[in-house]
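Proteins come first, then strands; the chains are lettered A, B, ... in the order of their sequence lines, and each starts at number 1.
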Protein chains: 2
Amino acid sequence: MNKKKTPEGTISRLFAYLREVKKLSELGIKTISSSEIGDRLNLSDVQVRKDLGCFGSFGISGAGYDTGELSKSLEKILGKDKQWNICIVGIGRLGSALMMYSGFKKDGLYIAAAFDANPKKIGKVVESIEIESIDNLSKSIQEKKISIAIITTPSEQAQTVADSLVKAGIECIMNFAPVRLNVPDDIKVENVDLSHVLEILTYFASN
Amino acid sequence: MNKKKTPEGTISRLFAYLREVKKLSELGIKTISSSEIGDRLNLSDVQVRKDLGCFGSFGISGAGYDTGELSKSLEKILGKDKQWNICIVGIGRLGSALMMYSGFKKDGLYIAAAFDANPKKIGKVVESIEIESIDNLSKSIQEKKISIAIITTPSEQAQTVADSLVKAGIECIMNFAPVRLNVPDDIKVENVDLSHVLEILTYFASN
DNA sequence: TAGATTGTTAATCGATTAACAATC
DNA sequence: TAGATTGTTAATCGATTAACAATC
């Protein structure tokens with residue numbers, strides 16, 4: 001096995017590099033050094049080179065990186081050349097706010113389906129997406145080639161929903177419900193517990 | 001200086017311990033061991049003892065921890081015995097969803113003010129909070145003893161808002177705008193970039 | 001060639017895990 | 001006393017940082 005798994009921090013930073021380098025490329029700046037990239041993102045030059053080094057060597061000694069080429073390489077590595085279909089499960093306040101949030105599109109993220117268990121909500125249209133019954137979950141996820149799901153249900157339903165999502169073939173879950181989801185190892189879950197983030201801030205406020 | 005700064009991971013876990021131990025205490029269970037706490041949260045017993053050890057010794061050798069006492073100690077350490085007033089700046093879709101989100105209250109987090117720059121929104125009432133002009137920011141934050149701010153403005157305004165917040169005496173910021181805020185070292189910023197979290201998931205989806 | 005900057009190996013740092021003496 | 005479990009010191013692990021030879 002040549003799997004020397006890339007740290008998650010590296011992946012997160014690579015997206016930042018891509019954004020920065022692409023911006024420069026579009027501005028007509030042809031090359032940039034690792035230390036300049038680092039300066040713009042408050043990171044060290046070594047950090048930048050190390051992160052890139054996980055995926056190959058993209059630079060030229062003495063000259064730096066070609067912004068256009070590096071952008072293209074990173075886009076490929078990070079899957080930014082593809083479109084990603086997302087579904088949202090649980091169309092309450094947070095769920096509908098996310099449906100209406102327009103910031104995703106520019107990142108190649110498309111909300112392709114929305115599900116709810118409440119019959120009163122089913123059939124309603126939000127941002128040109130019709131809310132479907134949760135019974136459609138599996139069928140719709142497969143038909144629409146959805147690979148990422150956002151869970152914005154109440155805590156009590158989150159695990160059940162997660163189970164259905166896994167069965168439907170979802171690979172990644174962004175979970176807003178404040179519960180630790182039990183899923184197979186190969187499913188990637190990112191928890192976004194807003195209350196918990198605020199709690200941690202209160203600790204710093206109280207010193 | 002006896003400052004052996006506590007890792008942020010420890011703080012995060014302490015909130016989880018508190019929730020768990022308090023639940024048990026309310027169920028009438030008097031004592032619990034570090035390994036039982038760990039089992040419930042998928043952590044090792046050592047992790048639990050180490051984390052608690054940052055703030056003192058709360059257990060009894062051979063017996064474990066008194067759930068009632070440990071709850072009380074943790075509540076004090078974490079500032080959970082206090083109420084925290086929060087303001088939201090930028091009452092767009094995400095901002096108003098957060099205003100309406102009812103999940104914060106049970107954690108002692110109170111949304112006490114909301115600000116927006118758009119005259120059309122000022123004066124409107126959401127969840128019994130009147131949206132104020134951003135010109136009121138400083139005055140209102142001081143009067144209402146607000147110590148945490150949530151930024152849900154467009155990216156372009158986020159830094160300006162952050163500057164005003166810092167000037168107004170805010171200690172912590174939860175930032176949803178996808179920009180790195182420039183603030184003094186003693187201000188704690190927690191970035192919640194939803195697109196970025198999804199991006200990272202897409203990487204795992206593409207393997 | 002001289003200067004700049006890369007890619008990589010070695011050193012450092014911090015956090016997690018293991019080991020164990022102390023103690024109820 | 002024997003068993004259980006704590007609190008803490010030492011070992012391990014992974015990620016960040018420093019050092020530097022290779023190279024354009």
Side-chain angles (χ1 to χ4, degrees), chain A residues 1-18 20-21 24 29-71 73-74 77 180 200 203, chain B residues 1-18 20-21 24 29-71 73-74 77 180 200 203:
Chain A
M1 286 283 265
N2 78 24
K3 249 191 191 172
K4 39 184 137 176
K5 60 184 161 180
T6 315
E8 190 161 327
T10 295
I11 303 299
S12 176
R13 287 187 297 268
L14 286 174
F15 280 102
Y17 304 156
L18 170 55
E20 206 58 36
V21 170
L24 293 167
I29 293 159
K30 297 285 182 229
T31 59
I32 189 167
S33 69
S34 57
S35 59
E36 283 174 285
I37 297 177
D39 286 349
R40 288 160 175 275
L41 298 164
N42 263 125
L43 297 166
S44 72
D45 56 333
V46 199
Q47 181 75 274
V48 174
R49 294 201 299 281
K50 200 88 206 273
D51 285 338
L52 293 172
C54 292
F55 293 92
S57 41
F58 307 98
I60 296 162
S61 298
Y65 301 85
D66 181 294
T67 54
E69 277 179 35
L70 184 55
S71 296
S73 304
L74 286 176
I77 291 165
R180 214 178 39 75
I200 293 171
Y203 171 78
Chain B
M1 286 284 263
N2 79 22
K3 250 189 192 174
K4 40 185 136 173
K5 59 184 163 184
T6 315
E8 190 160 326
T10 295
I11 303 299
S12 176
R13 288 187 296 270
L14 286 174
F15 280 102
Y17 304 157
L18 170 54
E20 205 59 36
V21 170
L24 293 168
I29 293 159
K30 296 287 183 224
T31 59
I32 190 167
S33 69
S34 57
S35 58
E36 283 174 285
I37 296 176
D39 285 350
R40 288 160 175 274
L41 298 164
N42 265 125
L43 298 165
S44 71
D45 55 333
V46 199
Q47 181 75 273
V48 175
R49 293 201 299 280
K50 200 88 205 273
D51 285 338
L52 293 172
C54 292
F55 292 93
S57 41
F58 306 98
I60 297 163
S61 299
Y65 301 86
D66 180 295
T67 55
E69 277 178 34
L70 183 55
S71 296
S73 303
L74 286 175
I77 291 166
R180 216 178 38 76
I200 294 171
Y203 171 77

For the pair made of [atom1] in [X] and [atom2] in [N], what is the distance, rounded to whole Å?
X	N	atom1	atom2	answer
A/Glu69	D/dC24	CD	C1'	15 Å
B/Lys50	C/dC20	NZ	P	16 Å
A/Leu43	D/dA15	CG	C1'	13 Å
A/Ile37	C/dT5	CD1	P	12 Å
B/Asp45	D/dG7	CG	C1'	12 Å
B/Asp66	D/dT6	CG	P	13 Å
B/Asp39	D/dT5	CG	P	11 Å
B/Leu52	D/dT6	CG	P	9 Å

**Prompt:** Can you find a side chain N or O atom of A/Arg13 that sits less than 4.0 Å from OP1 or OP2 on D/dT16?
**Reply:**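 For A/Arg13, the contact criterion (side-chain N or O under 4.0 Å from OP1 or OP2 of D/dT16) is met.
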**Message:** For D/dT16, give the paired nucleotide (Watson-Crick: N1-N3 plus N6-O4 or O6-N4; G-U: N1-O2 and O6-N3; both under 3.5 Å), or none.
**Reply:**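 Because both required distances fall under 3.5 Å, D/dT16 counts as paired with C/dA11.
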**Prompt:** For D/dG3, which nucleotide in any strand shown is its Watson-Crick or wobble partner with both distances under 3.5 Å?
**Reply:**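 Pair assignment: D/dG3 / C/dC24.
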So [X], base contact, sugar-phosphate only, or nothing? Heavy-atom distance under 4.0 Å.
X	answer
A/Gly53	nothing
A/Gly64	sugar-phosphate
A/Ser34	sugar-phosphate

Can you tell me which nucleotide in [options] comes closest to the side chain of [X]?
X	options	value
B/Val46	C/dT17, C/dG7, D/dC24	C/dT17
A/Arg49	D/dC20, D/dA10, C/dA10	D/dC20
A/Tyr65	D/dC24, C/dG7, C/dA10	C/dG7
B/Ser44	C/dT17, D/dT16, D/dT8	C/dT17
B/Ser61	C/dT23, D/dT16, D/dT23	C/dT23

**Request:** Quickly, which of B/Asp45, B/Ile32, B/Asp51 forms a side-chain contact (heavy atoms from CB on, under 4.5 Å) with B/Ile37? Name it, please.
**Result:** B/Ile32
**Asked** In terms of the nearest nucleotide of DNA chain C, which residue is placed more toward the 5' end: A/Ser33 or B/Ala63?
**Response** A/Ser33
**Prompt:** Is B/Ser34 reaching over with its side chain to a backbone N or O of B/Val48, donor-acceptor style, under 3.5 angstrom?
**Reply:** no
**Prompt:** Are the side chain of A/Thr67 and the backbone of A/Lys30 linked by a donor-acceptor contact shorter than 3.5 Å?
**Reply:** yes
**Message:** Is it true that B/Ser33 and B/Glu36 share a donor-acceptor pair across their side chains at a distance under 3.5 Å?
**Reply:** yes
**Asked** Pick the nucleotide of DNA chain D nearest each of A/Asp51 and A/Ile60; which residue has the one closer to the 5' end?
**Response**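 Residue closer to the 5' terminus by nearest nucleotide: A/Asp51.
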**Request:** Verify side chain to side chain contact (heavy atoms under 4.5 Å, CB included) between B/Tyr17 and B/Leu52, making sure each step is shown before the conclusion.
**Result:** CA-CA 9 Å; B/Tyr17 304 157; B/Leu52 293 172; 4.3 Å; yes
**A/Glu69 CD: over 12 foreign heavy atoms closer than 6.0 Å** = no
